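This report refers to the structure that appears directly beneath it.
The shown structure was predicted, so the numbers you read here are calculated from the model rather than taken from an experiment. Letters A, B, ... mirror the listed sequences (proteins, then strands); counts begin at 1.
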Protein chains: 2
Amino acid sequence: MSTTPLAAPRRATITDVAREAGTGKTSISRYLNGEMSVLSPELRARIEAAIERLNYQPNQMARGLKRGRNRLIGMLLADLTNPYSVEVLQGVEAACHALGLMPLICHAANEVEMERRYLQLLTTYRVEGVIVNALGVREETLRPVGGGGIPAVLVDRSVDGLVADMVGLDNRAAAELGTRHLLDNGFDDIWFVVQPFEQVSSRQLREAAFREVMSGAGGTSSDARGHTLVLNLAEPVAVERALAELDRAIDAADGPGDAVASVTGNATGNATSSVTVRTGGKGGRIALFAANAPVALCLALHLKARYGADWQARVALLSIDDPEWAELTGITAIRQPTYEIGYRAVEFLHERIEGVQTTARDCLLPGELIVRASTLR
Amino acid sequence: MSTTPLAAPRRATITDVAREAGTGKTSISRYLNGEMSVLSPELRARIEAAIERLNYQPNQMARGLKRGRNRLIGMLLADLTNPYSVEVLQGVEAACHALGLMPLICHAANEVEMERRYLQLLTTYRVEGVIVNALGVREETLRPVGGGGIPAVLVDRSVDGLVADMVGLDNRAAAELGTRHLLDNGFDDIWFVVQPFEQVSSRQLREAAFREVMSGAGGTSSDARGHTLVLNLAEPVAVERALAELDRAIDAADGPGDAVASVTGNATGNATSSVTVRTGGKGGRIALFAANAPVALCLALHLKARYGADWQARVALLSIDDPEWAELTGITAIRQPTYEIGYRAVEFLHERIEGVQTTARDCLLPGELIVRASTLR
DNA sequence: CTGTTAGCGCCTTCAT
DNA sequence: ATGAAGGCGCTAACAG
């Protein structure tokens with residue numbers, strides 16, 4: 001209704017309130033900090049009124065400066081574009097809310113340089129702790145943080161050389177779960193597709209677990225073959241090359257009866273070639289195991305472009321991460337307990353901030369397999 | 001390599017640096033603020049060295065307290081789950097980066113109460129301005145902000161009663177673009193599906209523009225029918241009901257030549273069964289115009305569940321917003337210039353912070369139609 | 001060119 | 001139960 005007044009002179013300070021309430025700053029401060037028991041009901045009422053009248057709101061910065069803690073924590077995200085991040089964030093926010101913390105969210109957009117800058121910026125704002133889910137974090141990058149005295153907890157990936165709490169998916173179990181599912185459903189030619197994993201512990205673990213299960217399966221079941229394909233999403237040409245390799249395998253695997261030889265190598269140039277001989281039947285349908293949602297999306301888009309809307313008839317797709325389009329497209333997925341990951345991360349951090357000195361803890365949460373049409377039969 | 005030292009005594013202060021450099025705080029301060037021209041090269045070098053040695057990093061909070069500005073701006077998002085928000089955010093971050101601002105990102109998770117709390121919290125941290133993309137913002141909610149003296153710029157929606165800059169999609173043009181596209185491609189039964197739009201200006205505008213075009217079309221072309229369907233995503237039962245209504249329409253419109261009776265009920269048990277007799281030709285295919293991505297996703301999921309993977313053969317889907325799964329599923333979309341929206345918002349805000357006093361400005365950016373298989377033929 | 005002196009808004013002894 | 005004084009880390013006049 002009424003137009004808001006344009007006059008916005010200057011926010012009331014504690015001094016203003018004191019004057020308005022006819023008392024000293026100390027009492028106001030006490031009121032603000034909830035030390036009610038030490039204030040006469042009378043004074044308390046006056047203060048309350050003054051605050052109301054002046055629409056006073058304490059300046060967090062000033063409080064922080066004085067008491068040394070500003071209730072700010074940093075949350076460094078490598079990639080908000082990844083639904084995983086947003087979901088984790090929800091948990092983080094909920095926990096912060098519950099613990100009276102304010103998360104400073106920083107989005108590095110997959111740029112290592114950004115990560116460094118943000119970390120340094122957070123430090124500059126004297127955040128009380130940091131939750132890190134970054135790409136290029138190396139021990140030295142985090143030095144100003146982990147070492148500099150401000151507590152840090154890692155999400156999804158650990159950083160070697162840096163001892164810190166970390167919380168994330170139980171990668172081994174998840175990769176095993178997925179691989180077994182594929183094997184159990186008769187797929188004997190499985191491609192694990194993952195972004196460059198040398199630097200990222202979670203990817204490493206997933207890939208290793210996949211390989212382990214596959215090699216075990218080789219002995220047990222007929223002769224399942226497992227391949228690892230690296231998909232460097234940041235390098236379009238590398239992606240091209242990797243996908244082409246995949247296409248060859250798919251084409252070769254398709255169709256019944258006749259034997260086909262396929263030579264494959266990985267994208268890093270450090271080619272790991274493998275020769276496989278198919279023996280046919282419907283069972284020849286290849287299965288793709290995407291290490292995370294971005295990879296799965298890339299694969300799905302490519303396959304759809306190449307084989308048409310019906311691409312799933314030729315290839316099965318399973319992904320770690322359960323993005324919103326998974327249900328729509330019918331791919332099976334391993335959903336991460338993202339919300340809880342975020343929540344726990346904050347809890348850990350909070351404990352550290354409160355001075356807990358335990359040795360670094362790891363919290364590995366289980367993933368949930370969501371079977372959809374893609375990997376059945 | 002080396003384990004990070006656990007000793008993390010206390011961050012160096014400007015005083016420490018001064019002592020270390022054998023000079024006064026003022027010079028340090030000058031150095032920090034880039035007033036190099038006023039420092040002897042010699043002193044400057046000593047300062048540089050001292051800072052390096054102590055790994056000193058100025059305390060932003062303290063600076064902010066003193067100079068009255070902390071370079072912090074608030075960014076209130078109604079729903080980070082909506083890809084739109086994340087994309088806008090990227091623009092915001094880029095702009096902040098360029099302008100030396102630090103965005104404090106707040107995610108209200110579609111809860112009006114949260115929005116209020118965050119707004120108040122931001123105020124408490126003395127942010128210099130706020131970018132608001134909220135759900136339940138009413139003039140009074142923003143009072144502490146817009147009126148309280150701290151500049152605000154609105155994104156995507158305007159708030160009546162509140163005069164402030166706003167930047168967003170040119171909703172009228174976008175809705176027209178989409179509707180015309182549908183009409184041009186022979187669809188004569190179009191459903192505009194939107195979340196409750198009484199409170200949200202952008203939704204209102206889109207719906208109105210849709211209706212306008214449709215009524216115009218009724219006169220010109222044959223006799224196109226336009227419907228508006230409200231989908232309250234927050235109310236599962238309401239969603240059920242709305243989707244059931246849609247199903248009826250789809251069943252009725254479908255199929256060529258021969259008459260077919262189909263009985264349908266929805267899953268809630270609260271069955272709204274309907275017997276329909278199809279009469280039409282291919283032209284009878286209904287088109288759905290989703291007002292944004294969340295709506296489109298909801299529709300797509302439902303349709304897929306009801307009509308199977310081939311649902312697009314029965315219904316065409318066009319959406320404002322171009323989520324990552326749009327390409328995958330082949331629906332046509334109107335992509336918003338999200339990045340630019342975010343970028344401009346920050347620019348506006350920055351100007352306000354710098355004291356620009358112009359009357360409230362609106363910046364309406366055009367959407368881009370991306371035609372895909374769904375709405376062709 | 002460089003250092004001294006006051007605060008910014010708040011919390012915290014320490015008296016009263 | 002209440003208030004006065006000092007200081008958190010930094011900047012901004014003023015002197016030298």
Side-chain angles (χ1 to χ4, degrees), chain A residues 9-48 50-51 54-72 123-128 148-150, chain B residues 9-48 50-51 54-72 123-128 148-150:
Chain A
R10 170 183 121 287
R11 290 217 149 270
T13 82
I14 201 176
T15 308
D16 299 327
V17 180
R19 191 186 322 108
E20 180 78 13
T23 177
K25 304 194 296 180
T26 313
S27 296
I28 310 298
S29 177
R30 291 205 175 100
Y31 176 89
L32 294 178
N33 293 303
E35 300 172 34
M36 299 309 188
S37 55
V38 196
L39 292 176
S40 70
E42 196 273 327
L43 212 206
R44 182 173 153 182
R46 262 159 52 216
I47 294 180
E48 200 134 7
I51 286 183
L54 268 45
N55 186 242
Y56 168 70
Q57 314 204 196
N59 182 329
Q60 285 298 337
M61 297 307 176
R63 319 183 89 174
L65 185 56
K66 185 62 197 164
R67 33 157 71 142
R69 38 189 333 190
N70 52 199
R71 316 274 57 198
L72 250 31
T123 254
T124 253
Y125 277 103
R126 294 297 186 272
V127 294
E128 297 182 40
I150 115 167
Chain B
R10 169 182 124 287
R11 290 218 148 270
T13 83
I14 200 175
T15 308
D16 299 327
V17 179
R19 193 187 320 108
E20 179 79 13
T23 176
K25 303 194 296 181
T26 313
S27 296
I28 310 298
S29 178
R30 291 205 175 101
Y31 176 88
L32 294 178
N33 292 302
E35 301 172 34
M36 300 309 188
S37 55
V38 195
L39 293 175
S40 70
E42 197 272 328
L43 212 206
R44 183 173 154 182
R46 262 157 54 214
I47 293 180
E48 201 134 8
I51 287 183
L54 269 44
N55 186 243
Y56 167 71
Q57 311 203 199
N59 182 329
Q60 285 298 338
M61 297 307 177
R63 321 182 86 175
L65 185 56
K66 183 64 195 163
R67 34 158 68 144
R69 37 188 333 190
N70 52 198
R71 315 274 58 198
L72 250 31
T123 254
T124 254
Y125 276 103
R126 295 296 187 272
V127 293
E128 297 183 39
I150 115 168

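- The side chain of Val38(B) lies closest to dT2(C), out of dT11(D), dT2(C), dG3(D).
- Backbone-only contact: Thr13(B) has heavy atoms under 4.0 Å from sugar-phosphate atoms and none from a base.
- Of the listed nucleotides (dG9(D), dT2(D), dC11(C)), dG9(D) has the atom at the smallest distance from the side chain of Leu65(B).
- Going from atom CZ of Arg30(A) over to atom OG1 of Thr23(A) covers 9.5 Å, rounded to the nearest 0.5 Å.
- Heavy-atom nearest nucleotides on DNA chain D were determined for Lys66(A) and for Arg46(A), and the one closer to the 5' end corresponds to Arg46(A).
- Under 4.0 angstrom from either OP1 or OP2 of dC8(D) there lies no side-chain N or O belonging to Asn59(B).
- Looking at Lys25(A), its side chain has no donor and acceptor atom pair within 3.5 Å of the base of dG9(C).
- Atom P of nucleotide dG9(D) and atom CZ of Arg19(B) are separated by 11 Å, given to the nearest angstrom.
- Comparing the P positions of dT2(C) and dG9(D) gives a spacing of 25 Å, expressed to the nearest Å.
- With Glu128(B) contributing its side chain and Asn70(B) its backbone, the two residues share a donor-acceptor pair below 3.5 Å.
- Closest to the side chain of Ile14(A), out of dT2(D), dC10(C), dT11(D), is dC10(C).
- Below the 3.5 angstrom threshold, one finds a donor paired with an acceptor across the side chain of Thr26(B) and the base of dA12(D).
- Taking both residues in full, the closest heavy atoms of Gln57(B) and Arg11(B) are given as CG-NH1, 4.4 Å, listed atom of the first, atom of the second, then distance.
- The phosphate of dT2(C) (OP1 or OP2) has a side-chain N or O of Ser40(B) nearer than 4.0 angstrom.
- Judged by distance alone, with hydrogens and angles left aside, the side-chain atoms of Asn33(B) form no donor-acceptor pair with the main-chain N or O of Glu35(B) at under 3.5 Å.
- If Ser27(B) and Ala62(B) are placed on DNA chain C by their nearest nucleotide, the residue sitting closer to the 5' end is Ser27(B).
- Under 4.0 angstrom from either OP1 or OP2 of dC10(C) there lies at least one side-chain N or O belonging to Tyr56(A).
- Residue Ile28(A) is classed as having no contact, given no heavy-atom separation below 4.0 Å to the nucleic acid.
- With hydrogens and angles ignored, no donor-acceptor pair under 3.5 angstrom links the side chain of Thr23(A) to the base of dT2(D).
- Between the side chain of Arg30(B) and the base of dG3(C), at least one donor-acceptor pair of N or O atoms lies under 3.5 Å.
- Interatomic distance, Glu48(B) CD to Arg44(B) CZ, rounded to the nearest 0.5 Å: 6.5 Å.
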